[in-house]
Amino acid sequence: MLDRLQELKDEAITKVKEAGSLNELRDIRVTYLGKKGPITEVLKGMGKLPAEERPKVGQMANEVREAVASLIAERETRLEEEALTAKLQKESIDITLPGRPVNKGSRHPLTSVIETIEDIFIGMGFTVAEGPEVETDYYNFESLNLPKDHPARDMQDTFFITNELLLRTQTSPVQTRTMEKHEGRGPVKIICPGKVYRRDEDDATHSHQFMQIEGLLVDENIRMSDLKGIFEQFVKRYFGENREIRLRPSYFPFTEPSAELDVSCAICGGKGCRTCKQTGWIEVLGSGMVHPNVLRMSGFDPEKYTGFAFGMGVERFAMLKYGVDDIRHFYTNDTRFLSQFTRV
Ligand code: 2U9
């Protein structure tokens, strides 16, 4: 029995030393120290031994059990330490290493153009007003002097949710809603940026969704010359001191008289080139004096109040500023395109 115990002890100790994982150690513990283990077997066989031998065998069996148990525990501790060290090494961050470059995004070029234009008009005392993109037929058309079957509606076809609800075709409904809130008392001096929608085929210069900034100033004795003055300030600050402006007669149902604003071409300085189609002028926005019907429908007495309004396509300004030749680039989220605007 004693030799058997010694043999078991050596065998178990060898195995413990060779064990490479905590699982192996657990198996060795179960195997050697478990209820069905060989040491237990020896102890069960004690009954058959001569009485004088039993204490020695019993003592030896306990020594072997403790010896194996403590060696297993020791080995477990070491394996756990080794595992932790390996884990720490694997996870250790070499703080001297440069950090992983976090590619810092940037403002979308349209956002920065909008903010630039907002800052210019805020600087001239305008406040920014915004409103819903899903509009009613009344605010998007009728309040702008575009009664139900007015032909000009076709120029602004959009996406209808119901016969009365649609995706707005311009941000003008925001101006109408704001005028109503003023209950016929001026001044109203706002700019309204936002997304608008047109049921157009997308091509290099048209997108079914685009950004607009419109402006409105309603007060007593507002004249076309005030509009021209505002434009002179705006163009010089946005395009540069050396740019000229020109107001060219036009027509909009919601303004009378109406005018397109042209700025002198940056490429040829006004002499005429391919960019300005040999005209020397680049059209940038539309405008006019608010139509009396529109004032009246929004609660303002056109005998007491006059006003001017204007509207611009933001993409057009971004394309002019950054020399972008296809409006769709602004909407395809292609980082190759967008990453060019990190400094804007
Ligand atoms: C009210 C009264 C009048 C807004 C105006 C334009 C002229 C204009 C176009 C520019 C490029 C639309 O994005 S675009 O295609 N807009 O030319 N917009 S006057 O007139 C208003 C607006 C609100 C109450």
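Atoms within each ligand, like the ligands themselves, are counted from 1 in listed order.
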Participant: Using 4.0 Å as the upper bound for N to carboxylate O, is an ion pair formed by Glu220 and Arg185?
Facilitator: no
Participant: Honestly curious: do Phe310 and Phe317 fall in one hydrophobic cluster under the side-chain, below-4.5 Å linking rule?
Facilitator: yes
Participant: Any atoms of ligand 1 less than 4.0 Å from a non-hydrogen atom of Gln212? List them with their elements.
Facilitator: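 In order of numbering, the contacting atoms are 12 (C), 13 (O), 14 (S).
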Participant: Hey, which of Val113, Leu285, Val128, Ile117 is the one that makes side-chain contact (heavy atoms from CB on, under 4.5 Å) with Ile213?
Facilitator: Ile117
Participant: Answer with side chain, backbone, both or neither: which part of Phe210 has a heavy atom less than 4.0 angstrom from an atom of ligand 1?
Facilitator: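 Side chain only.
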Participant: Please state which part of Phe254 comes within less than 4.0 Å of ligand 1, counting heavy atoms only: side chain, backbone, both or neither.
Facilitator: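 For Phe254, the contact with ligand 1 is made by both the backbone and the side chain.
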Participant: For ligand 1, which atoms have a heavy atom of Gly313 less than 4.0 angstrom away?
Facilitator: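 Close to Gly313: 11 (C), 13 (O).
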Participant: Is NZ or CZ of Lys321 both nearer than 6.0 Å to the six-membered ring centre of Tyr238 and within 45° of the ring axis?
Facilitator: yes
Participant: So which heavy atom in the protein is nearest atom 21 (C) of ligand 1, and how far is it from that ligand atom?
Facilitator: Ala309 CB, 3.4 Å
Participant: Just say parallel, tilted or perpendicular for the rings of Phe126 and Phe121, cut-offs at 30° and 60°.
Facilitator: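 Perpendicular.
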Participant: Can you report which non-hydrogen protein atom sits closest to atom 10 (C) of ligand 1, along with the distance?
Facilitator: Gly311 O, 3.0 Å
Participant: Taking only heavy atoms of Gln175 into account, list the atoms of ligand 1 that are under 4.0 Å away from them.
Facilitator: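 Close to Gln175: 22 (C), 23 (C), 24 (C).
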Participant: Specify side chain, backbone, both or neither for Ser287, according to which of its non-hydrogen atoms lie closer than 4.0 Å to ligand 1.
Facilitator: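 Backbone only; the side chain of Ser287 stays clear of ligand 1.
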Participant: List the steps and the verdict of ring-ring contact (aromatic ring centres under 6.0 Å, His included) for Tyr197 and Phe210.
Facilitator: CA-CA 6 Å; Tyr197 305 83; Phe210 62 100; 8.7 Å; no
Participant: Below 4.0 angstrom from a heavy atom of Met179, which ligand 1 atoms are there? Numbered from 1 as shown, please.
Facilitator: 24 (C)
Participant: Using a 4.0 Å cut-off to any heavy atom of Val294, which atoms of ligand 1 qualify?
Facilitator: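 Listed by number with element, the hits are 24 (C).
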Participant: What protein heavy atom sits nearest atom 17 (O) of ligand 1, and how far away is it?
Facilitator: Gly286 CA, 3.1 Å
Participant: Please check if the number of heavy atoms outside Asn163 that lie under 6.0 Å from its CG is greater than 12.
Facilitator: no
Participant: Would you check if the distance from the ring center of His329 to the ring center of Phe337 is below 6.0 Å?
Facilitator: yes
Participant: Could you pull out, from Met289, Glu214, Glu260, Glu283, the option with a heavy atom nearest to atom 4 (C) of ligand 1?
Facilitator: Glu214
Participant: Under 4.0 Å from a heavy atom of Leu144: give me the atoms of ligand 1 that qualify, with their elements.
Facilitator: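 This gives 1 (C), 23 (C), 24 (C) as the contact atoms.
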Participant: Taking the six-membered ring of Phe341 as reference, does the NZ or CZ atom of Arg107 fall below 6.0 Å from its centre and within a 45° cone about the axis?
Facilitator: no
